[in-house]
Asker: 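Below is a structure I'd like to ask you about.
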Number of protein chains: 2
Amino acid sequence: MAGKVEARKAALREKLVEAAEIRIARDGAGALRARDLAQDAGCALGAIYTAYDDLNAIIMAVNGRTFRKLGVAVRASVAEADSEPPTRRLILMSNAYLHFADANTNLWRALFDLQMQSGGAVPDWYMAALEDLFANIAQPVSELFPDKGAEDAGLMVRALFSSVHGIVLLGLERRISGVPPEQIERMIAQVLNQIGQPSEK
Amino acid sequence: MAGKVEARKAALREKLVEAAEIRIARDGAGALRARDLAQDAGCALGAIYTAYDDLNAIIMAVNGRTFRKLGVAVRASVAEADSEPPTRRLILMSNAYLHFADANTNLWRALFDLQMQSGGAVPDWYMAALEDLFANIAQPVSELFPDKGAEDAGLMVRALFSSVHGIVLLGLERRISGVPPEQIERMIAQVLNQIGQPSEK
DNA sequence: CAGTATTTTGAACGCAGTTCAAACAGAAGG
DNA sequence: CCTTCTGTTTGAACTGCGTTCAAAATACTG
């Protein structure tokens with residue numbers, strides 16, 4: 001039976017990402033240790049490297065799961081909000097983004113903590129996951145700025161995502177921003193309401 | 001002579017930050033190695049730890065210099081622009097921020113890459129340097145939103161800084177954003193012009 | 001110049017990620 | 001049931017890191 005070995009390896013991969021996810025969520029991606037992981041997954045140290053190229057690959061696998069959860073959270077925030085005005089929908093999604101980042105800080109940080117040195121190329125599925133996130137805000141943006149061409153609209157989508165990301169990023173870094181979490185929502189709303197306000201004719 | 005030893009230590013500290021700055025600028029803070037640093041500074045490995053607590057403290061010292069240079073660049077961008085409208089001044093400063101980050105990517109990244117685990121507290125001068133950065137944009141913001149109270153204005157200042165920071169951060173990460181650098185300016189302008197537009201009254 | 005205090009040094013320690021020779025388990029043949 | 005062969009699993013060992021600290025070098029003092 002050839003599938004037996006495959007199945008075993010798949011089970012190991014699964015156990016490893018699960019263990020890694022728990023540890024990253026608790027202590028951050030920087031504190032992930034191969035030896036701890038082997039212990040948690042009940043495998044030998046070397047076994048890790050039969051399932052993944054290196055620790056970074058495991059972090060990337062965890063990132064894949066995190067992206068999925070983040071996508072679910074963001075989409076859920078506007079699932080029942082079709083009839084809300086676009087600015088309101090942007091705020092709902094941004095707040096969902098904020099709350100996800102706040103509740104899963106270490107996992108969320110790992111998403112943007114790609115080990116910059118290693119290799120260089122980001123996997124395709126990673127880019128695709130980001131595009132998916134962008135896609136959520138493309139609709140409200142096109143409603144807000146119907147006159148913009150495809151290129152400008154695309155830039156605006158990225159710009160808005162990046163803005164909210166920046167506010168959440170520095171906002172959650174209490175030590176840096178000095179802003180308590182409950183005020184981050186207000187900052188997002190201030191910026192998005194301002195952006196979404198109708199132009200003076 | 002007691003000052004002799006002090007002077008020597010001060011010279012060593014200086015040589016170490018300079019060497020560290022060069023290496024960080026070239027290879028990033030994550031690639032800084034104690035042994036390389038000792039070689040560059042022409043001192044023994046252990047000597048590093050007579051001048052600084054650890055490598056992190058040296059990175060922080062480099063961050064101090066980077067903050068000063070960044071402050072100079074941002075202030076210079078609006079030095080002759082007193083009579084420009086506030087939105088225009090915000091855009092000028094943001095572009096200066098972008099260009100500084102683009103030209104000194106590794107040094108700039110190190111500013112926000114504080115080793116989150118170590119200690120926890122950020123030094124006072126670091127917070128003060130950030131406040132200085134914020135202070136630059138407080139003036140245009142108060143002109144744009146004269147009705148906002150002190151608290152809301154403060155939040156808006158932080159929100160705008162964070163937004164621009166986010167746009168620059170993800171924008172410079174070509175692998176993530178897929179946006180060529182010359183378009184980042186357009187994103188910033190789109191967002192700030194939108195925010196600065198007069199309300200429909 | 002001897003003796004003492006201070007500073008500087010780099011070998012050594014502990015702890016990482018990763019490798020790979022050896023131990024092992026399973027299948028096939030005798 | 002044992003032997004051999006094959007592919008898998010293992011964890012000791014290798015390398016490279018930040019950091020320490022006993023010893024060597026240097027500077028001070030009587």
Side-chain angles (χ1 to χ4, degrees), chain A residues 1-17 19-21 23-24 26-63 106 110 113-120, chain B residues 1-17 19-21 23-24 26-63 106 110 113-120:
Chain A
M1 259 225 200
K4 214 51 165 295
V5 171
E6 291 306 310
R8 196 118 52 97
K9 191 150 284 179
L12 176 57
R13 287 173 67 92
E14 181 68 10
K15 264 199 296 199
L16 283 170
V17 255
E21 186 173 65
R23 285 203 109 94
I24 293 176
R26 173 148 33 87
D27 309 321
L32 191 65
R33 299 285 169 259
R35 283 162 178 82
D36 295 340
L37 212 47
Q39 191 107 73
D40 292 356
C43 72
L45 180 55
I48 291 174
Y49 298 90
T50 68
Y52 288 96
D53 275 1
D54 52 24
L55 281 197
N56 219 358
I58 300 189
I59 295 176
M60 272 308 216
V62 172
N63 282 345
N106 286 329
D113 242 26
L114 314 189
Q115 272 340 40
M116 310 305 184
Q117 79 282 13
S118 87
Chain B
M1 253 223 205
K4 215 48 166 294
V5 170
E6 289 306 309
R8 196 117 54 96
K9 190 151 284 180
L12 175 58
R13 286 173 68 92
E14 181 69 9
K15 263 199 296 199
L16 282 171
V17 254
E21 185 173 66
R23 284 203 110 91
I24 292 176
R26 174 148 33 86
D27 309 320
L32 191 65
R33 299 285 169 259
R35 284 160 179 84
D36 294 341
L37 212 48
Q39 191 109 72
D40 292 357
C43 71
L45 180 55
I48 292 174
Y49 299 89
T50 67
Y52 288 97
D53 276 0
D54 52 24
L55 280 197
N56 220 354
I58 301 190
I59 294 175
M60 271 310 215
V62 172
N63 282 346
N106 285 329
D113 240 25
L114 315 189
Q115 271 341 41
M116 310 307 184
Q117 80 282 14
S118 85

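Order of the sequence lines fixes the chain letters, A, B, ..., with proteins taken first and strands second; residue numbering starts at 1 for each chain.
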Asker: Run the numbers on A:Asp27 and A:Asn106 for side chain to side chain contact (heavy atoms under 4.5 Å, CB included), then give the verdict.
Answerer: CA-CA 7 Å; A:Asp27 309 321; A:Asn106 286 329; 5.7 Å; no

Asker: Nearest whole Å is fine: how far is C:dT8 P from B:Arg13 CZ?
Answerer: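 To the nearest whole Å, that distance equals 14 Å.
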
Asker: Could you state the CG-C1' distance from B:Leu16 to D:dG18, rounded to the nearest angstrom?
Answerer: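 To the nearest whole Å, that distance equals 15 Å.
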
Asker: Would you mind reading off the distance between B:Leu37 atom CG and C:dG10 atom C1', rounded to a whole angstrom?
Answerer: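 These atoms are roughly 16 Å apart.
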
Asker: May I ask you to test the B:Leu45-B:Arg35 pair for a side-chain heavy-atom distance under 4.5 Å?
Answerer: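 Yes, at least one pair of side-chain atoms sits under 4.5 Å.
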
Asker: Can you build the contact string for nucleotides 17-23 of chain C? Use B for base contact, S for sugar-phosphate-only contact, and - for no protein heavy atom under 4.0 Å.
Answerer: BBB----

Asker: Could you work out how much the helix from C:dC1-D:dG30 to C:dG30-D:dC1 bends, comparing the axis of its first five pairs with that of its last five, to 10°?
Answerer: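 The angle separating the two end axes equals 30°.
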
Asker: Send over the distance from A:Arg8 CZ to D:dG7 P, rounded to a whole Å.
Answerer: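 It is 15 Å, rounded to the nearest whole Å.
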
Asker: For a salt bridge (charged side-chain N to carboxylate O under 4.0 Å, His left out) with A:Asp40, tell me which candidate from A:Arg23, A:Arg26, A:Lys15 qualifies.
Answerer: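 With A:Asp40 as partner, salt bridge (charged side-chain N to carboxylate O under 4.0 Å, His left out) holds for just one option, A:Arg23.
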
Asker: Look only at the side chain of B:Arg13 and the backbone of B:Ala51, and say whether a donor-acceptor pair between them is shorter than 3.5 Å.
Answerer: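 Confirmed, B:Arg13 side chain pairs with B:Ala51 backbone.
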
Asker: Check B:Leu12 against B:Ala47 and note the closest heavy-atom contact, atom names and distance.
Answerer: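 Heavy-atom minimum between the residues: CD2-O, 3.8 Å.
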
Asker: Whole-Å distance between D:dT10 P and A:Lys9 NZ?
Answerer: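 Between P of D:dT10 and NZ of A:Lys9: 11 Å.
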
Asker: Would you indicate whether B:Glu14, at its atom CD, is surrounded by more than 12 heavy atoms from other residues, nucleotides or ligands within a distance under 6.0 Å?
Answerer: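 Enclosed.
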
Asker: Rounded off to whole Å, could you give me the CD-to-C1' distance for the B:Gln39 and D:dG18 pair?
Answerer: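 That distance rounds to 17 Å.
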
Asker: Of the non-hydrogen atoms in B:Ile48 and B:Cys43, which two are nearest, and what is the gap between them?
Answerer: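 The pair with the smallest heavy-atom distance is CG1-SG, 4.4 Å.
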
Asker: Would you call B:Ile59 and B:Asp113 a side-chain contact if the rule is heavy atoms closer than 4.5 Å?
Answerer: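 Not in contact.
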
